[in-house]
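Everything on this sheet refers to the single structure shown next.
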2 protein chains.
Amino acid sequence: MEPNTGEGCCASVTEAPLTEAESDELAHAFAALADPVRLRLLSLVAARGEVCSCDLEAPLGRSQPTISHHTRVLAEAGLIRGEKRGRWTWWSLVPDRLATVRRALGPV
Amino acid sequence: MEPNTGEGCCASVTEAPLTEAESDELAHAFAALADPVRLRLLSLVAARGEVCSCDLEAPLGRSQPTISHHTRVLAEAGLIRGEKRGRWTWWSLVPDRLATVRRALGPV
DNA sequence: CAGTCAGATTGACAGTTGTCAATGAAAGCT
DNA sequence: AGCTTTCATTGACAACTGTCAATCTGACTG
């Protein structure tokens, strides 16, 4: 069994004891997922493929600054990516990052 | 495509917009995973199969009340299960729960 | 029964987080 | 240039969270 160096492709909770660096990194990702508004935001982005911020306020029932806060948290965790086009910022998923986090919870 | 009722077996962020109930439930699970000490605790339990609380203080570098706090959070999220045998509480994973949370992050 | 040991609970405190109103910044329109 | 729209940033505040010292509860031991 490979030692878990903290730099590998797939740190997993169930494979080998996590290093501090790995657990910090993973905890950051899970923290981004640990809010119901952000989870619904994520599912809206997933459902529509691409969404601009202004289309999130109504379905999520939060103010514009709050939406901006949540998109930033998700983006900093690498789970979504924003692309500015004209006046709009278009948000989309980062599937690889989601897959990495998912794999951290155990064998596929 | 099935509507997401909030009572199904596998609410998923990437399948259909989450209901508020689903996102609350999921966020609770992710919040339990959103701490590096708890992630390392989880990986220790996974590595050894069964662990008693007293064996967690040293590797995690936290006091006994803090360990007790973290095991409680993980247990309330359904991710680990504690069984009292004599003076010790033995902790083990709940694989089904881990799988459910994992599946919430997308298709297998 | 008195003592010890594993673990839970309580209380306190500092640090973090979700929220919104107000403001700022950049792009497009007239 | 001036106005509007879209989003980001700042500041403030209440709520929550991780941590430990102190204490309490049970279970075993002698």
Side-chain angles (χ1 to χ4, degrees), chain A residues 18 20-21 23-45 48 50-92, chain B residues 18 20-21 23-45 48 50-92:
Chain A
L18 295 172
E20 293 211 20
S23 54
D24 284 352
E25 157 69 16
L26 266 179
H28 190 248
F30 285 126
L33 295 167
D35 180 274
V37 174
R38 283 198 290 272
L39 287 178
R40 286 192 294 142
L41 196 164
L42 210 58
S43 75
L44 286 171
V45 173
R48 303 188 193 175
E50 241 184 5
V51 189
C52 74
S53 302
C54 57
D55 283 336
L56 293 168
E57 294 180 41
L60 294 175
R62 293 296 188 283
S63 70
Q64 178 268 317
T66 299
I67 299 298
S68 184
H69 165 70
H70 287 309
T71 51
R72 173 210 276 257
V73 172
L74 286 170
E76 281 179 348
L79 296 165
I80 63 175
R81 196 173 41 86
E83 185 187 347
K84 281 196 179 177
R85 291 208 291 270
R87 283 188 288 205
W88 294 271
T89 303
W90 293 91
W91 299 100
S92 55
Chain B
L18 296 172
E20 292 210 20
S23 54
D24 284 353
E25 157 69 16
L26 267 179
H28 190 248
F30 285 126
L33 296 167
D35 180 275
V37 173
R38 282 197 291 270
L39 287 179
R40 286 192 294 141
L41 195 162
L42 211 57
S43 74
L44 286 170
V45 173
R48 304 189 193 173
E50 241 185 4
V51 188
C52 75
S53 301
C54 57
D55 283 337
L56 292 169
E57 294 181 40
L60 294 176
R62 293 297 187 286
S63 70
Q64 178 267 318
T66 298
I67 299 298
S68 184
H69 165 70
H70 286 310
T71 51
R72 174 209 275 258
V73 171
L74 286 170
E76 281 179 348
L79 296 165
I80 63 175
R81 198 172 40 86
E83 185 187 346
K84 282 197 178 176
R85 290 208 291 271
R87 283 189 286 209
W88 294 272
T89 303
W90 293 91
W91 300 99
S92 55

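Model, not experiment: these values are computed from the prediction. Below, read A as the first sequence line, B as the second, and so on, with proteins coming before strands; counting in each chain starts at 1.
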From CG of B:Leu39 across to C1' of D:dG18 the rounded distance in Å is 14 Å

Here the distance between atom C1' of C:dT16 and atom CG of B:Asp35, to the nearest Å, is 12 Å

To the nearest angstrom, the CG-C1' distance between B:Leu60 and D:dG18 comes to 13 Å

Quiz item: When we call it a touch if two heavy atoms are under 4.0 Å apart, what does A:Arg85 touch: a base, just sugar-phosphate, or nothing?
Solution: nothing

Does CD belonging to A:Glu57 count more than 12 external heavy atoms closer than 6.0 Å?
yes

Quiz item: Taking OP1 and OP2 of C:dC20, is either one under 4.0 Å from a side-chain nitrogen or oxygen of A:Thr66?
Solution: yes

Between CZ of B:Arg72 and P of D:dT25 the distance, given in whole Å, is 16 Å

Of A:Ala31 and B:Asp55, the one whose nearest nucleotide on DNA chain C sits closer to the 5' end is B:Asp55

What does B:Thr89 touch in the nucleic acid at a heavy-atom separation under 4.0 angstrom: a base, only the sugar-phosphate, or nothing? sugar-phosphate

**OP:** Indicate, with a heavy-atom threshold strictly under 4.0 Å, whether B:Trp91 touches base, sugar-phosphate, or nothing.
**Re:** sugar-phosphate

Considering every strand and a 4.0 Å limit on heavy-atom distances, what is the contact class for A:Ser53: base, sugar-phosphate, or nothing? sugar-phosphate

- Query: So do B:Leu74 and B:Trp91 actually touch side chain to side chain, heavy atoms under 4.5 Å?
  - Reply: no

Per atom distances to the B:Val37 side chain, the nearest of C:dT19, D:dT19, C:dG7 is D:dT19

In whole angstroms, the gap separating P of C:dA21 from CD of A:Gln64 amounts to 11 Å

Quick note, A:Trp88 side chain, CB onward, closest among D:dC7, C:dA22, C:dA8 is D:dC7

Whole-Å distance, B:Arg87 CZ to D:dA27 C1', equals 7 Å

Between A:Gly86 and B:Cys52, the residue closer to the 5' end of DNA chain C by nearest nucleotide is B:Cys52

Donor-acceptor under 3.5 Å (B:Thr71 side chain, B:Ile67 main chain):
yes

*asked:* Between B:Asp55 and B:Cys52, is there a side-chain heavy-atom distance shorter than 4.5 Å?
replied: yes

In whole angstroms, the gap separating P of C:dT16 from NE2 of A:His70 amounts to 18 Å

Within the 4.0 Å heavy-atom criterion, would you say A:Val73 contacts the bases, only the backbone, or no part of the nucleic acid? nothing

Distance col, row A:Leu44:CG vs A:Leu60:CG, nearest 0.5 angstrom, shows 5.5 Å

Atom CG of A:Leu56 and atom P of C:dT19 are separated, to the nearest Å, by 14 Å

